[in-house]
Chemist: 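Before I ask anything, let me first share the structure, which is written out below as structure tokens.
Just so it is clear, the model here is predicted, and its values are computed rather than measured.
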Amino acid sequence: MESFTSFFNSQSSSRNRWNYDSLKNFRQISPVVQTHLKKVYLSLCCALIASAAGAYLHILWNIGGLLTTLGCVGSIVWLMSTPLYEEQKRMALLMAAALFKGACIGPLIELAIDFDPSIVIGAFVGCAVAFGCFSAAAMVARRREYLYLGGLLSSGLSMLFWLHFASSIFGGSVALFKFEVYFGLLVFVGYIVVDTQDIIEKAHLGDLDYVKHALSLFTDFIAVFVRILIIMLKNASEKEEKKKKRRN
């Protein structure tokens with residue numbers, strides 16, 4: 001009996017020790033890669049600020065639309081074709097792409113603000129918490145552990161594209177819209193994990209292009225934020241409709 005007790009005690013203590021060590025286990029990430037990740041996340045923060053500025057400009061002057069979408073795509077293409085040694089130019093293009101992207105999602109943010117400003121704050125906080133948790137999980141996990149999910153996520157993204165294409169031609173339903181939103185949220189949350197590990201692996205192999213890596217994470221962040229915002233806005237509108245029906 002004592003042997004079984006000592007066995008389970010040792011197993012529980014080792015499990016607790018593994019959990020504690022895993023939270024601070026960055027030994028598998030070299031100092032060079034850690035410095036690279038600091039640049040990536042700093043660039044990501046700057047891009048999010050530029051995106052917020054773009055959304056604010058849309059609220060002021062209603063600039064979001066086709067032109068800002070083309071400007072965002074053009075800035076990304078220009079960034080990708082710019083040599084690595086032109087670091088300041090590539091960073092400026094990243095900020096421009098983020099600014100245009102913020103203007104593109106400005107109408108959705110404006111709609112949420114008109115309905116209830118706390119929805120936007122709640123969506124951003126929820127997205128930031130989810131992004132931080134999944135990104136940290138990818139960092140403390142073993143190298144290449146989640147990279148195999150890239151193929152599955154690409155298939156899911158392709159499915160979302162064709163569903164959106166079909167619904168735009170033949171018309172969609174509420175159930176299909178909900179599936180696209182929730183399934184898209186699941187796909188892009190997975191991309192946060194995969195892209196984080198992909199960035200770490202590429203940095204270990206010598207790819208230290210922090211601007212391009214920040215762009216990848218920025219795309220994931222915005223995709224998750226938009227879907228959380230849509231879900232929260234839809235839930236809030238449904239609750240408001242139920243309250244009106246009860247009053248009537």
Side-chain angles (χ1 to χ4, degrees), residues 48 51 55 58 64-66 68-70 72-73 76 98 100-138 141 145-198 215-246:
L48 291 176
S51 181
H58 168 79
L66 179 61
T68 55
T69 302
L70 294 176
C72 180
V73 174
I76 293 174
F100 286 130
K101 187 63 178 179
C104 291
I105 64 174
L108 177 63
I109 294 176
E110 186 177 14
L111 178 64
I113 291 175
D114 292 338
F115 189 85
D116 186 0
S118 63
I119 294 177
V120 179
I121 299 174
F124 180 80
V125 172
C127 180
V129 170
F131 184 90
C133 291
F134 283 99
S135 189
E145 185 174 6
Y146 297 113
L147 291 181
Y148 74 95
L149 293 174
L152 296 175
L153 294 174
S154 298
S155 299
L157 191 62
S158 177
M159 185 188 302
L160 285 173
F161 172 77
W162 288 112
L163 282 175
H164 184 72
F165 180 74
S167 62
S168 62
I169 294 178
F170 303 106
S173 61
V174 176
L176 182 60
F177 175 76
K178 286 184 177 180
F179 175 78
E180 288 182 8
V181 172
Y182 284 97
F183 185 67
L185 178 61
L186 179 65
V187 168
F188 283 104
V189 164
Y191 265 116
I192 292 174
V193 178
V194 173
D195 285 343
T196 302
Q197 283 212 327
D198 185 53
L215 177 63
S216 299
L217 293 180
F218 172 76
T219 304
D220 298 338
F221 190 99
I222 293 298
V224 173
F225 169 73
V226 167
R227 282 158 179 81
I228 292 177
L229 183 60
I230 291 173
I231 292 170
M232 293 183 66
L233 185 59
K234 192 174 184 305
N235 292 337
S237 62
E238 289 177 352
K239 289 181 180 179
E240 191 67 24
E241 288 179 1
K242 289 180 180 179
K243 287 182 181 179
K244 288 182 181 180
K245 289 180 179 179
R246 290 176 182 176

Chemist: Kindly write out the residues that satisfy side chain to side chain donor-acceptor pair (under 3.5 Å) with D116, not counting sequence neighbours, or none if the list is empty.
Modeler: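 D116: side chain to side chain donor-acceptor pair (under 3.5 Å) contacts with S118.
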Chemist: Are any non-hydrogen side-chain atoms of F218 and S51 less than 4.5 angstrom apart?
Modeler: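 Yes - at least one pair of side-chain heavy atoms lies under 4.5 Å apart.
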Chemist: Side chains of F225 and L108: closer than 4.5 Å at any heavy-atom pair?
Modeler: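 They are not in contact (no side-chain heavy atoms under 4.5 Å apart), so the answer is no.
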Chemist: Side chains of residues 119-132: which donor-acceptor pairs under 3.5 Å do they make with residues two or more places apart or in other chains?
Modeler:
none

Chemist: Apply salt bridge (charged side-chain N to carboxylate O under 4.0 Å, His left out) to D198 and list each qualifying residue two or more places apart in sequence or on a separate chain.
Modeler: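 Testing D198 for salt bridge (charged side-chain N to carboxylate O under 4.0 Å, His left out), a comparison that skips the adjacent residues, returns K202.
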Chemist: Taking all heavy atoms of T196 and all of S135, pick out the closest pair and write down the distance.
Modeler: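 Residues T196 and S135, closest heavy atoms: OG1-OG, 3.4 Å.
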Chemist: Donor-acceptor pairs under 3.5 angstrom involving side-chain atoms of residues 145-153: please list them, not counting sequence neighbours.
Modeler:
unit_1 : atom_1 : unit_2 : atom_2 : d
E145   : OE1    : R142   : N      : 3.2

Chemist: Taking only residues two or more places apart in sequence or in another chain, which ones pass ring-ring contact (aromatic ring centres under 6.0 Å, His included) with F183?
Modeler: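 For F183, the residues satisfying ring-ring contact (aromatic ring centres under 6.0 Å, His included) (neighbours in sequence not counted) are F179.
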Chemist: Is the ring pair F188/Y191 parallel, tilted or perpendicular, if the boundaries are 30 and 60 degrees?
Modeler: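 The rings of F188 and Y191 sit tilted, inter-plane angle from 30° to 60°.
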Chemist: Does the side chain of V189 reach to within under 4.5 Å of the side chain of L185, using non-hydrogen atoms?
Modeler: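 Result yes, sub-4.5 Å side-chain heavy-atom pair found.
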Chemist: For L215, does its backbone N or O pair with a side-chain atom of T219 as donor and acceptor, under 3.5 Å?
Modeler: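 At least one qualifying donor-acceptor pair exists.
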Chemist: Between S216 and D195, which heavy-atom pair has the shortest distance, and what is it?
Modeler: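 Closest heavy-atom pair between S216 and D195: O-OD2, 4.2 Å.
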Chemist: Which pairs with one or both residues in residues 215-235 pass salt bridge (charged side-chain N to carboxylate O under 4.0 Å, His left out), sequence neighbours excluded?
Modeler: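 Salt bridge (charged side-chain N to carboxylate O under 4.0 Å, His left out) check on residues 215-235 returns K234-E238.
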Chemist: What heavy-atom pair brings C72 and K101 nearest, and what distance separates the two atoms?
Modeler: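 Between these two residues, the closest heavy atoms are SG-CB, 4.0 Å.
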Chemist: Which atom names give the shortest non-hydrogen contact between I109 and A55, and what distance separates them?
Modeler: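 Looking at all heavy atoms of both residues, the closest pair is CD1-CB, 3.8 Å.
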Chemist: Report the C-alpha separation of E180 and L176 in whole Å, then their side-chain angles, then the decisive distance to 0.1 Å, and conclude whether the side chain to side chain contact (heavy atoms under 4.5 Å, CB included) test is met.
Modeler: CA-CA 6 Å; E180 288 182 8; L176 182 60; 3.9 Å; yes
Chemist: Out of curiosity, S154 OG to M159 CE, how far, rounded to the nearest 0.5 Å?
Modeler: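 Taking OG in S154 and CE in M159, the distance rounds to 12.0 Å.
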Chemist: Shortest non-hydrogen contact from C104 to G65?
Modeler: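 Minimum heavy-atom separation between C104 and G65: SG-O, 4.5 Å.
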Chemist: Do V174 and K178 touch side chain to side chain, with heavy atoms closer than 4.5 Å?
Modeler: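 A side-chain contact under 4.5 Å exists here.
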Chemist: Kindly determine whether F115 and L111 satisfy side chain to side chain contact (heavy atoms under 4.5 Å, CB included), including the steps that lead there.
Modeler: CA-CA 6 Å; F115 189 85; L111 178 64; 5.8 Å; no
Chemist: Using 0.5 Å steps for rounding, measure from the OG atom of S155 to the CG atom of L160.
Modeler: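 Nearest 0.5 Å value for the OG-CG distance: 11.0 Å.
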Chemist: Looking at every non-hydrogen atom in both residues, tell me the closest pair between T68 and A103 and how far apart they are.
Modeler: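 The pair with the smallest heavy-atom distance is CG2-CB, 3.8 Å.
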